[in-house]
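The next block holds one structure in the form of structure tokens; read it before the comments.
Order of the sequence lines sets the chain letters (A, B, ...), proteins ahead of strands, with each chain counted from 1.
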Amino acid sequence: MSVVEIKDVGKTFEGGTTALEGIELAIGEREFVSLIGPSGCGKSTLLRIVGDLIRPTAGTVRVNGKPAPQARADRDYGIVFQDAVLYDWRTVARNISLPLELARWNRRRRTGRVQEMLRLVELGGFESHYPWQLSGGMQQRVSIARALSFDPALLLMDEPFGALDEMTRERMNLELLRIWEASGSTIVFVTHSIAEAVFLSTRVVVMSPRPGRISDVIEIDLQQPRTAATREEPRFFELVTRVREALHLGSDLDRKLAAPAAEAQP
Amino acid sequence: MTTAPVAVQPIPRGTLAGRVGRRALDWVPALVVLVLVFLIWQESIAVFHIKKFLAPQPTAIASTFWTNRHELISAGWFTFQEALGGFAIGCGLALVVALVLARWRGVGRALMPYMIAANAIPIIAFAPIMNAWFDPFSKGSKMAIAAVLCFFPVLVNTLRGLTSVRPQSIELMRSYAAGELETFRRVRIPTALPFIFTSLKIATVLAMIGAIVGEYFGGAFTALGVLIDSRSTTFQFKEAWAGIGVACAYGIAFYLALALLERLTLRGVPSTDD
Ligand SMILES: Nc1ncnc2c1ncn2[C@@H]1O[C@H](COP(=O)(O)OP(=O)(O)OP(=O)(O)O)[C@@H](O)[C@H]1O
Ligand SMILES: [Mg+2]
């Protein structure tokens, strides 16, 4: 059974912007799917529709076999944004336990789970710190711990490492893969970085703008588990090139630049 | 596959005594200014032969205060009770109305123009009316005036606090299937707390002003405003100044009490004022 099933989804905003059109995608259990595409092609919109934060104007989305609103009510997914979006007045531990409080877990269970999560994201000893006492990368790890704390089947991530420097980002990539393996969840991941998408994913979904569509889906057949050495394999570079070409084919500008040449041929 | 643990140490928080010591040091410049002002005041009255009954020397005011301390302090207490009552009513109502307006924006759009208009009524015009509506010798009439003065700043600031939540914080709550009530309790109200405390601190001062101004238009003989008014009309300026000093002391104590409450409540939030 698919964890996410997107059928013919479209979204036209009130102002008349058509952000998405005819999106078809099925995501299986334990997959790691990256959405990549030029700015404004509707990646965030698609992610938010899957999470039922906004409603599509066409088509249907099912998560864990249920309509998206039902899945949200059942807390079937966790979400991580580009900014950590932590609550400043709560300590690290209380930020992680917020979803658990809302799900009415008792205190003992909450404390146990928070400790487990802190170990998972390697932030042991920081539970009584406030968010503003942490670095950006640490804040983002708290946000990941919070999203995973209630053990959702699906993790939605919108450019979670976009604001980090290259070094931290690569380390966070490895940590995310480790967390993905340990937690057994399915991940939908939005990114602007081709290398990041290829390194992390089992599949890369390439999108093109105006209106947002899926222009290509590329299987990433790199060996699991991925390590720092994966980035140096020839196959890694082949796949990066493959995604880059798919991105350029999908973009308007390249289509226009390519058009005269195509016409010139007999 | 493991990565090296991050080399970030927990932030040293300092001892309590150390922090109190540093706080006390922060006050030194302000105290120096106060002493200087009093010295200049004291000396210039002697040097420039200013009529003593118009601007009494600080030492004369202090000794007047000391001889009349029982009367002054109990008059101040009477007025402070009025201010406190008005503060509680005005701020309480403002908080409730702000919650309603933040929840139902349509109501806010309908009511806001009238509340802004009501806020524009000068308190000098309003005070005699309140004295006429309620018994001028009761505490109630002064509480009404203080409440009206407190209401608007608390309403506006609370409303701004409740609505200045980042949209993503709300989306996050939505993703946890949290209801409207939970979102208010766990996100909107905590976000608004610094705004609320700022306005409550302003309201302490406004409540004292409201009570005293109200008493100028008639009030119990045991009230501080009435005392200041009657002494200055009979040229007992030392007594009047001593009364003003007592009013300031109550006002400052009220303000500091709220500031302390704020510190205790917002312990985790990085404060912007130090
Ligand atoms: N609330 C909204 N109201 C109107 N239009 C919107 C809204 N949100 C997004 N859009 C439009 O929808 C399109 C897709 O936006 P979206 O944020 O999904 O893009 P994105 O692929 O995530 O871009 P980026 O990579 O820059 O984050 C854009 O043209 C944007 O202007
Ligand atoms: Mg986006």
Side-chain angles (χ1 to χ4, degrees), chain A residues 48 51-54 69 71-91 94 98-103 122-126 128-135 137-138 141 143 146-147 150 152 156 158 168 170-172 174-175 177-178 181 225-228, chain B residues 1-14 16 19 158 160-198 261-274:
Chain A
R48 282 146 51 83
D52 187 44
L53 297 176
I54 52 174
R72 180 173 66 81
D74 293 348
R75 303 186 174 95
D76 281 354
Y77 71 88
I79 193 161
V80 177
F81 297 103
Q82 175 163 3
D83 302 319
V85 198
L86 300 176
Y87 297 114
D88 281 341
W89 55 90
R90 283 176 168 251
T91 59
R94 302 227 316 128
L98 176 68
L100 309 179
E101 288 169 32
L102 290 165
E122 290 176 342
L123 277 178
F126 285 96
S128 50
H129 278 59
Y130 285 94
W132 43 274
Q133 295 172 320
L134 305 181
S135 72
M138 292 161 85
R141 278 186 284 166
S143 149
R146 178 177 60 183
F150 50 101
L156 304 176
D158 194 351
T168 315
E170 287 189 2
R171 207 185 57 228
M172 295 290 290
L174 284 169
E175 285 192 32
L177 285 178
R178 180 177 58 75
E181 266 157 38
R226 315 239 165 113
T227 65
Chain B
M1 181 79 244
T2 54
T3 46
V6 194
V8 179
Q9 292 302 312
I11 290 174
R13 310 216 65 177
L16 184 66
R19 267 184 294 160
T158 306
R160 163 164 311 167
L162 289 172
T163 52
S164 68
V165 178
R166 288 153 79 197
Q168 286 186 333
S169 298
I170 302 291
E171 285 195 335
L172 205 58
M173 290 300 280
R174 203 172 135 77
S175 81
Y176 302 142
E180 192 83 30
L181 200 69
E182 291 280 16
T183 307
F184 262 82
R185 188 156 88 85
R186 296 179 195 269
V187 178
R188 286 195 191 274
I189 293 175
T191 307
L193 273 182
F195 293 81
I196 293 176
F197 272 110
T198 303
L261 187 65
E262 178 183 30
R263 282 206 161 260
L264 293 178
T265 313
L266 304 182
R267 251 171 323 177
V269 183
S271 61
T272 45
D273 62 9
D274 50 22

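Side chains of A:Glu101 and B:Tyr176 form no contact here, defined as non-hydrogen atoms less than 4.5 Å apart. Here the side chains of B:Leu193 and A:Trp89 are not in contact, with every heavy-atom distance at 4.5 Å or above. Looking at heavy atoms from C-beta onward, A:Val80 lies out of side-chain contact with A:Arg146 at the 4.5 angstrom threshold. A:Arg48 has its side chain out of reach of A:Leu156: every pair of non-hydrogen atoms, C-beta onward, lies at least 4.5 Å apart.
Contact of A:Leu123 with chain B is not made at all, since no heavy-atom distance falls under 4.5 Å. Only the side chain of B:Glu182 comes within less than 4.5 Å of a heavy atom of chain A; its backbone N, CA, C and O stay farther away. Heavy-atom distances place both the backbone and the side chain of A:Ile79 under 4.5 Å from chain B. With a threshold of 4.5 angstrom between heavy atoms, A:Asp52 approaches chain B through its backbone and through its side chain. Residue B:Arg166 touches chain A through its side chain alone, counting heavy-atom pairs closer than 4.5 Å.
Side-chain N or O atoms of B:Arg174 include none that pairs as donor or acceptor with a backbone N or O of A:Gly51 at under 3.5 Å.
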